[in-house]
Amino acid sequence: MATHNALVFDLGASHGRTMLGRFNGRSFTLEEIYRFDNIPVEAAGTLYWDALRLFHDLQDGIRKGFQSASSIHSLGIDTWGVDFAFLDRNGKLLANPVHYRDQRRHEVARELFDLVPPDELFFQTGNFLLSIMSVFQLYAYYKDQSPEHKEGS
């Protein structure tokens, strides 16, 4: 069996890395081939993911993957998965995504619970009711009448 090469990206809260996994039919190896900082950016009192920097680092990781292996058969990205970005109908990013550590998301949690009791919110979403979850950011966008929410609706 030919070796199967997979690139795996791990995007953590403060760092990211690209791993090259190789499976030869009998054994699996994993090698870190690129590491980069993942530093949120504060602007106008809001904490954002630096999405363009992360995109650049993902591209660098792919390049380094092809320098380390003659072929790449698959690619995976692991993230927290609690944040999101709004795209327009053409797939263009409307704004940098707000970081899960942004204070506004935490501030509106109680207000949302006043509108939707926690047990009902859990029933509707199936999510843990931690203020880092996307539902709180969506409510903050709605409450603040943010341009991203209006454009994305």
Side-chain angles (χ1 to χ4, degrees), residues 4-23 28-65 72-153:
H4 180 92
N5 299 312
L7 281 182
V8 180
F9 294 90
D10 174 24
L11 297 179
S14 60
H15 291 88
R17 59 186 174 163
T18 306
M19 307 293 287
L20 176 61
R22 297 177 184 193
F23 181 67
F28 180 79
T29 61
L30 194 59
E31 171 190 3
E32 181 180 295
I33 59 172
Y34 182 54
R35 180 175 282 271
F36 51 92
D37 289 331
N38 182 5
I39 301 170
V41 176
E42 186 169 345
T46 300
L47 192 62
Y48 295 95
W49 289 101
D50 192 350
L52 298 177
R53 167 58 42 199
L54 289 172
F55 182 69
H56 174 81
D57 286 322
L58 290 173
Q59 290 175 317
D60 280 351
I62 291 170
R63 275 191 284 281
K64 291 180 186 300
I72 303 296
H73 300 94
S74 59
L75 183 141
I77 301 175
D78 175 49
T79 70
W80 265 93
V82 296
D83 290 323
F84 57 90
F86 287 109
L87 306 176
D88 71 11
R89 66 185 85 244
N90 298 312
K92 292 187 179 183
L93 185 65
L94 291 174
N96 273 334
V98 175
H99 197 280
Y100 73 93
R101 291 181 175 166
D102 182 64
Q103 190 57 38
R104 182 72 175 122
R105 171 181 307 210
H106 305 291
E107 292 170 356
V108 300
R110 279 278 169 244
E111 293 176 39
L112 183 56
F113 288 150
D114 288 343
L115 294 173
V116 182
D119 57 340
E120 179 63 22
L121 192 57
F122 177 78
F123 179 76
Q124 293 294 326
T125 65
N127 288 327
F128 294 110
L129 297 180
L130 303 173
S131 60
I132 64 170
M133 303 310 281
S134 298
V135 67
F136 299 104
Q137 184 59 41
L138 284 168
Y139 180 67
Y141 276 135
Y142 169 78
K143 186 172 189 289
D144 297 342
Q145 299 181 5
S146 72
E148 295 89 353
H149 183 267
K150 289 180 180 182
E151 181 73 25
S153 56

Side chain [X], main chain [Y], donor-acceptor under 3.5 Å:
| X | Y | value |
| --- | --- | --- |
| Asp10 | Arg17 | no |
| Asp88 | Asn90 | yes |
| His73 | Ala6 | no |
| Asp102 | Thr46 | no |
| Ser14 | Asn38 | no |
| Arg22 | Thr29 | no |

Would you check if [X] and [Y] make a side-chain contact, meaning some heavy-atom pair closer than 4.5 Å?
| X | Y | result |
| --- | --- | --- |
| His15 | Asp37 | yes |
| Thr18 | Val8 | no |
| Ile72 | Leu20 | yes |
| Leu54 | Trp49 | yes |

CA sep, side-chain torsions, deciding dist, call: Leu11, Asp78, side chain to side chain contact (heavy atoms under 4.5 Å, CB included): CA-CA 6 Å; Leu11 297 179; Asp78 175 49; over 6 Å; no
Least distance between heavy atoms, [X] atom then [Y] atom:
| X | Y | answer |
| --- | --- | --- |
| Ser74 | His4 | OG-NE2, 3.3 Å |
| Asp83 | Tyr100 | OD2-N, 3.0 Å |
| Phe136 | Leu130 | CE1-O, 3.1 Å |
| Gly21 | Leu30 | CA-CD1, 3.8 Å |
| Ile33 | Gly61 | CD1-O, 4.2 Å |
| Ile62 | Leu7 | CA-CD1, 3.8 Å |

How long is the gap from [atom1] on [X] to [atom2] on [Y], to the nearest 0.5 Å?
| X | Y | atom1 | atom2 | value |
| --- | --- | --- | --- | --- |
| Tyr139 | Asp144 | OH | CG | 9.5 Å |
| Gln59 | Lys64 | CD | NZ | 13.0 Å |
| Tyr142 | Leu138 | OH | CG | 12.5 Å |
| Lys143 | Leu112 | NZ | CG | 11.0 Å |
| Leu58 | Leu75 | CG | CG | 8.0 Å |

Assess the residue pair Asp57 and Phe9 against the criterion (side chain to side chain contact (heavy atoms under 4.5 Å, CB included)); give the C-alpha distance rounded to whole Å, side-chain angles, the decisive distance to 0.1 Å, and a yes or no. CA-CA 10 Å; Asp57 286 322; Phe9 294 90; over 6 Å; no
Name of the residue among Glu111, Arg105, Arg104 meeting side-chain contact (heavy atoms from CB on, under 4.5 Å) with Glu107: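 The residue from Glu111, Arg105, Arg104 that satisfies side-chain contact (heavy atoms from CB on, under 4.5 Å) with Glu107 turns out to be Arg104.
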Once the angle between the rings of Phe28 and Phe23 is folded into 0 to 90°, is it parallel (under 30°), tilted (30 to 60°) or perpendicular (over 60°)?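 Ring orientation, 0 to 90° scale: tilted.
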Trace of the side chain to side chain contact (heavy atoms under 4.5 Å, CB included) decision for Leu121 with Leu129: CA-CA 8 Å; Leu121 192 57; Leu129 297 180; 3.9 Å; yes
